[in-house]
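See below for the structure under consideration.
Atom set for the values below is all heavy atoms of this structure, side chains included, hydrogens, waters and symmetry mates excluded. Throughout, protein chains are lettered first and strands after them, A, B, ... in sequence-line order, and every chain is numbered starting at 1.
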2 protein chains.
Amino acid sequence: MSYGCERGDNDVVTGRSRRLEYSESTRQALVDSAVELFTKRGYAGTSLDEVAKRARVTKGALYHHFSGKQALFEAAFDAVEAKVMGRLGEIVTAPGDPWETAMAGLRAYIQVCLESSYQRIVIHEAPVVMGWERWREAEEHFSFGVLRAAIELLVDAGEIEVVSVEITTRLLFGALSTAATMIASASDPKKTSADVVASLTRVVHGLRLPQAVRLGAECAAESKSSGRRSRHR
Amino acid sequence: MSYGCERGDNDVVTGRSRRLEYSESTRQALVDSAVELFTKRGYAGTSLDEVAKRARVTKGALYHHFSGKQALFEAAFDAVEAKVMGRLGEIVTAPGDPWETAMAGLRAYIQVCLESSYQRIVIHEAPVVMGWERWREAEEHFSFGVLRAAIELLVDAGEIEVVSVEITTRLLFGALSTAATMIASASDPKKTSADVVASLTRVVHGLRLPQAVRLGAECAAESKSSGRRSRHR
DNA sequence: ACGAGTACGTACCGGCGGTATGTCGTACGG
DNA sequence: CCGTACGACATACCGCCGGTACGTACTCGT
């Protein structure tokens with residue numbers, strides 16, 4: 001990349017030498033390799049030699065860029081989360097009816113959870129490898145933060161009523177995590193996915209305030225978008 | 001078989017020689033040691049030499065009783081689950097109002113989840129160490145099975161309405177698991193615990209049928225048509 | 001009493017995470 | 001233009017740990 005520039009303005013402006021570019025490239029290759037192997041064989045089942053080999057470097061290079069196996073895992077974690085957040089963020093922050101937006105976000109997140117990298121690295125292994133406390137802290141900046149923002153939106157819009165936003169968010173997050181695992185290991189992921197969305201919709205529906213339902217519009221809109229198969233009156 | 005009466009009554013009844021008793025005793029010591037160390041330092045952070053040392057035997061003895069580290073972990077897993085099931089089972093199977101029984105079971109399960117052994121071994125590490133599929137299979141015979149039975153009871157009693165018992169159970173199980181972790185790592189576990197129960201009660205309340213409790217008439221009418229086929233599995 | 005089998009202990013191997021050290025190229029000051 | 005300091009790796013090695021092979025003492029049935 002940018003070979004032709006040959007000491008062009010780009011390098012001068014960014015202050016990045018060719019050396020730094022190479023370095024960043026190998027680092028990225030290591031992270032990519034780590035994501036792939038951690039996803040396929042898990043944290044314990046992946047050796048650092050293997051990760052380095054797949055990135056076409058040696059373990060020495062790996063230890064130059066990362067302080068150890070844990071640090072490499074966290075880099076892989078961040079990479080997966082960053083990729084996911086791009087797609088998810090814009091859906092939730094999109095303008096429009098809060099209820100509709102929330103439901104779209106729910107479906108989008110379940111879709112994200114079907115990705116094997118996200119499932120194994122972020123959901124399953126991360127709490128064990130990084131420790132739950134650190135995992136929770138990291139999640140604040142990623143999916144968990146988005147989820148809470150969505151719920152706060154619903155509460156502020158007077159759509160639903162909860163005892164505590166923090167606790168509700170965490171409970172829902174746990175439910176979504178297991179839902180993701182369930183869907184991924186189901187014989188018919190498509191159908192299971194639809195059933196999960198239906199169940200969750202039913203649950204969240206139970207939290208709706210009477211005055212929000214009485215408006216009627218959202219209810220109809222939600223019915224229409226939630227699925228061609230469930231609700232007819 | 002059934003050798004002479006010259007032994008004590010205990011041996012005759014059980015048919016166990018003193019040698020077998022010793023063997024069983026060391027095996028139990030190994031399991032106890034494993035539960036303790038796996039709880040404190042996790043699966044990866046625990047060495048078999050350490051487990052054996054704490055049980056006052058060597059690694060050879062350990063490998064005589066268990067095929068490897070995984071098998072030892074599963075034995076520890078079973079031990080923790082068995083201990084938990086004793087307390088939990090009788091609460092859920094107790095006669096009385098289904099709703100009250102379910103709520104008592106919910107509180108009891110959260111109490112169980114506060115135990116560090118259950119939390120770390122069963123909830124956090126087991127899915128990673130045993131693999132999710134095997135973990136799920138094992139859980140069928142333990143806490144998950146109890147939880148589903150409780151929900152089926154509520155559904156059959158006409159208390160609540162769900163889209164699918166299986167999915168609802170799994171979602172609730174996931175929510176409870178994260179709730180447990182949240183409570184355990186909270187600065188004020190007592191208060192957090194109470195808030196969690198309140199939030200969950202609120203959620204389950206949203207699933208109640210109109211004849212069980214009256215609130216949100218319009219919403220109830222809409223949701224009635226959504227799940228007239230609640231029992232299928 | 002004596003072979004057989006059980007319940008361990010002992011010694012060792014291979015793999016893997018981590019470290020210490022060497023090497024090569026590039027940026028940089030004089 | 002040249003030495004030099006430093007960054008980006010490679011190589012060699014160590015210690016721990018899971019797993020295996022084998023030895024041994026004790027018991028049990030005949």
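Residue Thr46(A) is classed as a sugar-phosphate contact, given heavy-atom separations below 4.0 Å to backbone atoms only. Among the protein residues, Thr58(A) comes within range of the nucleic acid bases, having at least one heavy atom under 4.0 Å from a base atom.
Per the geometry, CG belonging to Leu48(A) stands 16 Å off C1' belonging to dA10(D), to the nearest Å. The CG-P distance, from Leu62(B) to dG19(D), rounds to 10 Å in whole Å. Here the P atom of nucleotide dC9(D) and the CZ atom of Arg27(A) are 12 Å apart, to the nearest Å. Straight-line distance from the CD atom of Gln28(B) to the C1' atom of dA7(C): 17 Å, rounded to whole Å. Regarding Leu37(B), its CG atom lies at a distance of 12 Å from the P atom of dC17(D), rounded to whole Å. Atom CG of Leu30(A) and atom P of dA8(D) are 13 Å apart (whole Å). For the pair Gln70(B) CD and dG18(D) P, the computed distance is 12 Å after rounding to whole Å. Rounded to an integer number of Å, the gap from Asp49(A) CG to dG14(C) P is 17 Å.
Side-chain atoms of His65(A) lie closest to dC9(D) of the nucleotides dG9(C), dC9(D), dG17(C). Considering only the side chain of Lys69(B), dG18(D) comes nearest among dG18(D), dC9(D), dG18(C). The nucleotide whose nearest atom lies closest to any side-chain atom of Thr26(B) is, among dG18(C), dG18(D), dC8(C), dC8(C). Closest to the Ser23(A) side chain, of the nucleotides dC8(C), dA8(D), dC17(D), is dA8(D). Among dC8(C), dG18(D), dC9(D), the nucleotide with an atom closest to any side-chain atom of Tyr63(B) is dG18(D). Checked against dA10(D), dA8(D), dG17(C), the side chain of Lys59(A) finds its nearest nucleotide in dG17(C).
The aromatic rings of Tyr109(A) and Phe173(A) lie tilted to each other, with the angle between the two planes from 30° to 60°. Between Tyr43(B) and Phe38(B), the angle of the ring planes lies from 30° to 60°, which puts this pair in the tilted group.
With respect to Asp195(A) and Lys191(A), a salt bridge is recorded, a charged nitrogen being found less than 4.0 Å from a carboxylate O. A salt bridge links Glu115(A) with Arg87(A): the closest approach of a Lys/Arg side-chain nitrogen to an acidic carboxylate oxygen falls below 4.0 angstrom. Salt bridge annotation for Arg170(B)-Glu166(B): present, with a cationic side-chain nitrogen under 4.0 angstrom from a carboxylate oxygen.
Contact annotation: His64(B) side-chain N/O to dC8(C) OP1/OP2 distance is not under 4.0 Å.
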